[in-house]
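Remember, it's a predicted structure, so these values are computed and weren't measured experimentally. The chains referred to below are lettered A, B, ... by the order of the sequence lines, with proteins before strands, and numbering in each begins at 1.
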Amino acid sequence: MAAKRRYWLMKSEPDVYSIDDLQRDGSTSWEGVRNYQARNFMRDDMREGDLVLFYHSNTKPPGVVGLARVCSSAHPDETAFDANSPYYDAKATSENPIWQLVDVQFISKFPHPVGREDLKADSALEGMLVLKKGMRLSVQPVEPHHFERVVELGNPRGKN
DNA sequence: GCCAACGTTGGC
DNA sequence: GCCAACGTTGGC
């Protein structure tokens with residue numbers, strides 16, 4: 001039986017890497033995650049084909065701006081080996097790279113970005129992880145019904 | 001710019 | 001193993 005597709009949310013600061021950057025690049029390695037829980041999601045739980053809500057954080061307004069797809073299995077984050085990278089980690093070695101990532105591929109930019117305020121205002125999204133106070137995981141799972149609802153909000157019918 | 005919440009580090 | 005101090009995240 002095929003593995004069930006999972007849904008995720010990945011945060012990026014648009015000043016660092018935005019949905020437009022992903023659209024331009026087509027796909028990218030999700031570099032720089034230096035949190036074990038977030039790494040574990042990428043390393044242990046993500047599968048090729050999983051769908052991702054692309055979230056802009058630390059910007060005005062924060063929110064989900066588009067969709068992406070996981071397009072690789074986990075592999076070492078090479079930036080950990082690069083002494084000139086902001087993501088350098090002296091403890092990372094080729095035997096034990098410590099940090100791993102997946103590649104993600106651009107799917108779409110929402111015609112209607114779903115701001116954090118919109119997410120909070122929608123009763124169907126109650127309990128969504130990203131809305132929890134103090135939640136700062138940059139890679140986090142999303143429940144299927146939450147995922148579908150956000151996609152609806154981002155692609156409104158009968159508008160535009 | 002502020003600051004609450006969180007994760008990590010390191011002394012003990 | 002505890003926990004205070006510190007650095008970071010990220011909404012506001």
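- Per the geometry, CE belonging to A:Met128 stands 16 Å off C1' belonging to C:dG11, to the nearest Å.
- Among B:dT9, B:dG7, B:dA4, the nucleotide with an atom closest to any side-chain atom of A:Gln37 is B:dG7.
- We find that CG of A:Asp15 is positioned 13 Å from P of C:dG11, with the value rounded to whole Å.
- Nearest nucleotide to the side chain of A:Glu117, out of C:dC12, B:dT9, C:dG10: C:dC12.
- No contact: A:Lys60 has no heavy atom under 4.0 Å from any strand.
- Residue A:Phe106 is not grouped with residue A:Leu9 when hydrophobic side chains (ILVMFWY) are merged at heavy-atom distances under 4.5 angstrom, including chains of intermediate members.
- Side-chain nitrogen and oxygen atoms of A:Tyr55 include at least one within less than 4.0 Å of the OP1 or OP2 phosphate oxygen of C:dG11.
- Note: CD (A:Gln140) to C1' (B:dA5) measures 15 Å, nearest angstrom.
- With rounding to whole Å, A:Leu137 atom CG is found 13 Å from C:dT9 atom P.
- Per the geometry, CG belonging to A:Asp89 stands 15 Å off C1' belonging to C:dG7, to the nearest Å.
- Rounded to an integer number of Å, the gap from A:Glu13 CD to C:dT8 P is 13 Å.
- Rounded to an integer number of Å, the gap from A:Asn35 CG to B:dA5 P is 18 Å.
- The 5' end of DNA chain B is approached more closely, in terms of each residue's nearest nucleotide, by A:Asn58 than by the other of A:Met135 and A:Asn58.
- A tilted orientation is assigned to the rings of A:Tyr7 and A:Phe147, their planes being inclined by 30° to 60°.
- Using a 3.5 Å distance cut-off with no hydrogens or angles, the side chains of A:Gln100 and A:Arg43 do not pair a donor with an acceptor.
- OP1 or OP2 of C:dG10 sits under 4.0 Å from a side-chain N or O of A:Lys11.
- Each of A:Val139 and A:Val142 belongs to its own hydrophobic cluster when Ile, Leu, Val, Met, Phe, Trp and Tyr are linked at side-chain heavy-atom distances under 4.5 angstrom.
- Nucleic acid contact for A:Lys132: none, since no nucleic acid atom lies under 4.0 Å from a heavy atom of the residue.
- In this model, the phosphate group of C:dC12 is approached by a side-chain N or O of A:Arg116 to a distance below 4.0 Å at OP1 or OP2.
- For A:Tyr36, taking side-chain heavy atoms from C-beta onward, the closest of the listed nucleotides B:dT8, B:dA4, C:dT8 is B:dT8.
- If you find the closest nucleotide of DNA chain B to A:Arg136 and to A:Lys91, the one lying nearer the 5' end belongs to A:Arg136.
- What separates CZ of A:Arg39 from C1' of B:dG7 is a distance of 14 Å, to the nearest Å.
- A side-chain N or O of A:Tyr17 and one of A:Asp25 form a donor-acceptor pair less than 3.5 Å apart.
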